[in-house]
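First the structure, in the form of structure tokens, and then the observations on it.
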Amino acid sequence: MRAIGIILAGGNNKRMRELSHKRAIAAMPVAGSYRSIDFALSNMSNSHIQKVAVFTQYNSRSLNEHLSSSKWWDFGRKQGGLFVFTPTITAENSNWYMGTADALYQNLNFLKSSHEPYVVIAAGDGVYKLDYNKVLEYHIEKKADITVVCKEMAQSENLERFGLIKTNDDGRIIEFEEKPMVATSSLASTGIYIIRRRQLIELVERCAQEDRYDFVNDILIRYKNLKRIYAYRMEGYWSNISTVDAYFKTNMDFLKPEVRDYFFKQYPDVYSKVDDNPPAKYNPGALVRNSLVSSGCIINGQVENSVLFKKAYIGNNCVVKNSIILNDIYIGDNTYIENCIVESRDTIRANTNHVGEPGNIKIVIEKNDRYVL
Amino acid sequence: MIKKEMIAMLLAGGQGSRLGVLTSHVAKPAVAFGGKYRIIDFPLSNCINSGVDTVGVLTQYQPLRLNTHIGIGIPWDLDRNIGGVTVLPPYEKSGNSEWYTGTANAIYQNIEYIDNYNPDYVLILSGDHIYKMDYEVMLDFHKSNNADITIAAMPVPIEEASRFGVVITDEKNRITEFEEKPEKPRSNLASMGIYIFSWPVLREALIRMKDEPGCDFGKHIIPYCHGRGDRVFAYEYNGYWKDVGTLASYWEANMELIDIIPVFNLYEEFWRIYTKSDILPPQYISADSHVERCIIGEGTEVYGNVYNSVIGSGVVIEKGAEIRDSIIMQGCVIGEGTRVNKAIIAENVKVGTGSQIGVGEYAPSKLNPKVYSFDLVTIGENSSIPGGVIIGKNTAIAGLTEAEDYPEGHLASGEYIIKAGGTR
């Protein structure tokens with residue numbers, strides 16, 4: 001493909017509550033075996049983008065660990081490759097990334113030294129499949145300066161957390177409101193953009209001169225009457241996981257056969273780091289209903305309508321209902337968990353109760369030491 | 001200059017004919033094991049975990065699956081700048097080309113490969129055992145005894161020793177005598193087919209014995225070295241070790257993984273077993289399934305009931321199907337309402353709806369009583385079984401079978417169907 005990829009994976013927000021303490025949103029585990037950024041990375045790989053940069057900033061240890069090898073997404077190549085850019089102190093600059101446009105500006109050399117004519121910018125918190133080539137075709141056909149990938153959202157969604165867009169009949173964006181107080185459109189920006197590389201360099205340099213730092217506010221919204229900014233409406237599943245409710249719902253969506261079929265069985269595949277866990281094990285007393293179970297799990301109790309991530313241990317007589325158990329969790333005997341997200345690498349004591357409510361999911365963090373025999 | 005202290009040579013060329021239809025299209029080391037692995041993963045993982053980073057894999061029989069599985073060795077971290085894994089098939093020479101005629105002959109034909117790495121020691125492994133072993137400890141033992149050859153041996157119950165090659169040692173573990181399948185064993189130390197040789201000793205012996213037809217380690221090389229007075233030691237190993245060379249031992253070894261705390265534990269953090277795994281999604285267990293005493297691989301979807309079984313990855317077990325005491329390898333589909341009892345079903349087998357597999361009483365096999373002598377149903381890879389048929393015990397099926405192949409919808413115990421074709 002005639003584009004380089006950039007994944008903006010620096011962010012976090014309060015609406016992830018305690019889940020944000022540990023990691024950037026892009027590193028959040030999703031659907032049992034993946035992390036959020038895998039979807040953008042796999043889409044780039046499957047769209048034949050060879051050179052991808054990931055911009056990280058907020059608590060990137062977990063993300064860096066996940067990206068420690070580029071081979072899982074087939075980026076370990078002589079031509080191109082996977083680059084991880086964290087803010088660095090230079091002679092000219094000693095600030096963190098002050099915004100998405102600033103992150104691009106601070107890595108301007110990456111843009112300048114590439115030779116591909118286009119840039120695909122994607123967020124690290126979207127769960128979706130998309131062939132960016134189709135967006136690029138649209139971008140060229142519309143002679144657009146910037147193309148924003150959009151998704152028509154259901155009215156039941158909390159629309160106010162998105163950037164909402166109105167277009168004219170040709171698809172050109174005439175209105176763009178970032179996280180409006182009152183939603184007047186249900187067409188949401190997915191945070192995926194295509195732009196000509198030279199155009200991007202020019203816009204980002206201008207932003208920097210004017211002390212502006214945000215890609216959405218200072219480029220998309222500010223330039224919408226000057227530049228040809230088009231909306232590409234994507235089909236298929238798209239979900240943004242950046243609130244606890246959305247994160248919970250996205251994981252639960254994978255219990256639906258059509259969602260599993262779309263992501264797991266239809267071409268192309270989604271790739272992730274291989275962990276070399278043994279297969280899941282069901283001991284006597286296990287009773288698993290309508291649940292996803294990942295590799296390395298050992299189940300002795302009851303699991304219902306839940307997603308178990310890798311290496312979850314469910315003790316005897318436990319009940320886990322409508323919950324998400326993240327990686328490497330040990331749950332002691334006789335414990336009851338309902339409507340919860342159990343944060344990763346924790347040990348939950350025996351005989352405890354954790355009960356949240358639908359719509360008000362409890363995040364369980366006990367931080368106990370694991371008893372090691 | 002290239003120098004490796006010890007390199008491994010992994011013998012993976014055998015058919016493993018005692019696994020019947022399971023190995024009619026793949027070499028035994030490439031047969032699936034434990035819901036996710038292939039047999040060869042165990043010695044390969046042992047190598048890398050022991051710090052042996054140069055492994056020659058000798059292939060001959062049906063090597064396609066092995067080749068694609070091993071690739072350049074990425075899953076085992078055996079993709080190295082120097083060394084790593086190399087697949088070594090037999091090759092044509094300017095004169096006197098031949099297949100690998102025996103275990104030692106295969107090594108003889110690859111002396112050049114070994115010389116490349118200039119090793120002090122060569123570790124000889126076979127690709128059909130399930131175990132975890134630190135070869136570095138064995139090498140330390142070899143060195144501290146100033147040995148020429150060290151043979152790994154494990155104690156077995158004395159009444160079973162007559163099935164093995166046993167070694168008789170002195171008080172310093174030096175081997176004084178060998179007995180191959182003795183009627184009255186004088187020792188219970190069985191050879192495990194794992195050897196460390198000091199390379200100059202082995203090299204000399206291989207060249208000296210090169211004209212021996214079917215030159216074999218157990219039959220020729222070791223007796224020859226022992227006969228000329230080389231220092232041959234037995235390294236006693238006391239962990240889990242299983243030769244999965246027969247259908248019964250293969251089935252048992254799989255079933256042992258299901259125990260609450262298995263003797264051979266794959267869930268320990270230390271000494272991981274690596275494999276090439278391409279399917280990543282988690283498995284799905286539906287709202288009306290019951291799954292107990294099982295291990296199940298990634299990406300499998302269960303809509304029926306599974307008890308006491310080992311299920312591979314990417315399997316679909318449809319509604320109302322019931323699996324008991326069975327091994328189902330990756331990519332199989334078990335149709336609605338089908339009942340499977342004590343069966344080994346190899347990869348990508350499609351079973352129709354409402355069939356019953358493994359019913360009735362045991363009867364001796366009409367195909368090959370030496371191979372099929374247990375009450376297991378064995379179904380070869382890429383086979384298909386129609387819906388609505390009844391299949392007896394100790395049966396073997398391979399190929400695309402249709403309803404007409406089953407007289408009155410029934411395959412009696414001890415019978416077999418071997419047909420051409422496959423599901424892929």
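Naming convention: chains lettered A, B, ... in sequence-line order (proteins, then strands); numbering from 1 in each chain.
When all heavy atoms of B:I285 and A:V288 are compared, the closest pair comes out as CG2-O, 3.4 Å. Closest heavy-atom contact between A:L292 and B:P282: CD2-CG, 4.0 Å. When all heavy atoms are compared, the tightest approach of A:P279 to B:G35 is CG-C, 4.1 Å.
Both the backbone and the side chain of A:A280 have a heavy atom closer than 4.5 Å to some heavy atom of chain B. Of the atoms belonging to B:I258, it is backbone heavy atoms, and not side-chain ones, that fall under 4.5 Å from chain A. Proximity to chain B involves both the backbone and the side chain of A:L255, based on heavy atoms less than 4.5 angstrom apart.
For the set A:P257, A:G32, A:P278, the entry with the most heavy-atom pairs within less than 4.5 Å of chain B is A:P278. With respect to chain B, the highest number of heavy-atom pairs below 4.5 Å among A:P284, A:G296, A:A31 belongs to A:P284.
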Short donor-acceptor contacts under 3.5 Å linking chain B with chain A:
{"residue": "B:K36", "atom": "NZ", "partner": "A:N277", "partner atom": "O", "Å": "2.6"}
{"residue": "B:I258", "atom": "O", "partner": "A:K281", "partner atom": "NZ", "Å": "3.4"}
{"residue": "B:D259", "atom": "O", "partner": "A:K281", "partner atom": "NZ", "Å": "2.7"}
{"residue": "B:I260", "atom": "O", "partner": "A:K281", "partner atom": "NZ", "Å": "3.2"}
{"residue": "B:Y267", "atom": "OH", "partner": "A:P279", "partner atom": "O", "Å": "2.3"}
{"residue": "B:E269", "atom": "OE2", "partner": "A:K311", "partner atom": "NZ", "Å": "3.0"}
{"residue": "B:R272", "atom": "NH1", "partner": "A:D275", "partner atom": "O", "Å": "2.8"}
{"residue": "B:R272", "atom": "NH1", "partner": "A:D276", "partner atom": "O", "Å": "3.2"}
{"residue": "B:L280", "atom": "O", "partner": "A:S33", "partner atom": "OG", "Å": "3.0"}
{"residue": "B:Q283", "atom": "N", "partner": "A:V293", "partner atom": "O", "Å": "2.8"}
{"residue": "B:Q283", "atom": "O", "partner": "A:V293", "partner atom": "N", "Å": "2.8"}
{"residue": "B:Q283", "atom": "OE1", "partner": "A:Y282", "partner atom": "OH", "Å": "2.6"}
{"residue": "B:Y284", "atom": "OH", "partner": "A:N290", "partner atom": "OD1", "Å": "2.3"}
{"residue": "B:I285", "atom": "N", "partner": "A:S291", "partner atom": "O", "Å": "2.9"}
{"residue": "B:I285", "atom": "O", "partner": "A:N290", "partner atom": "N", "Å": "2.8"}
{"residue": "B:I285", "atom": "O", "partner": "A:S291", "partner atom": "N", "Å": "2.9"}
{"residue": "B:S286", "atom": "O", "partner": "A:N290", "partner atom": "N", "Å": "3.2"}
{"residue": "B:A287", "atom": "O", "partner": "A:R289", "partner atom": "NE", "Å": "3.2"}
{"residue": "B:S289", "atom": "O", "partner": "A:R289", "partner atom": "NE", "Å": "3.1"}
{"residue": "B:E292", "atom": "OE2", "partner": "A:G285", "partner atom": "N", "Å": "2.7"}
{"residue": "B:R293", "atom": "N", "partner": "A:Y282", "partner atom": "O", "Å": "2.7"}
{"residue": "B:C294", "atom": "N", "partner": "A:Y282", "partner atom": "O", "Å": "2.8"}
{"residue": "B:C294", "atom": "O", "partner": "A:Y282", "partner atom": "N", "Å": "2.7"}
{"residue": "B:I296", "atom": "N", "partner": "A:A280", "partner atom": "O", "Å": "2.8"}
{"residue": "B:I296", "atom": "O", "partner": "A:A280", "partner atom": "N", "Å": "3.0"}
{"residue": "B:E301", "atom": "OE2", "partner": "A:R260", "partner atom": "NE", "Å": "2.9"}
{"residue": "B:Y303", "atom": "OH", "partner": "A:R260", "partner atom": "NH2", "Å": "3.3"}

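Around atom CZ of B:R65, more than 12 heavy atoms belonging to other residues, nucleotides or ligands sit under 6.0 Å away.
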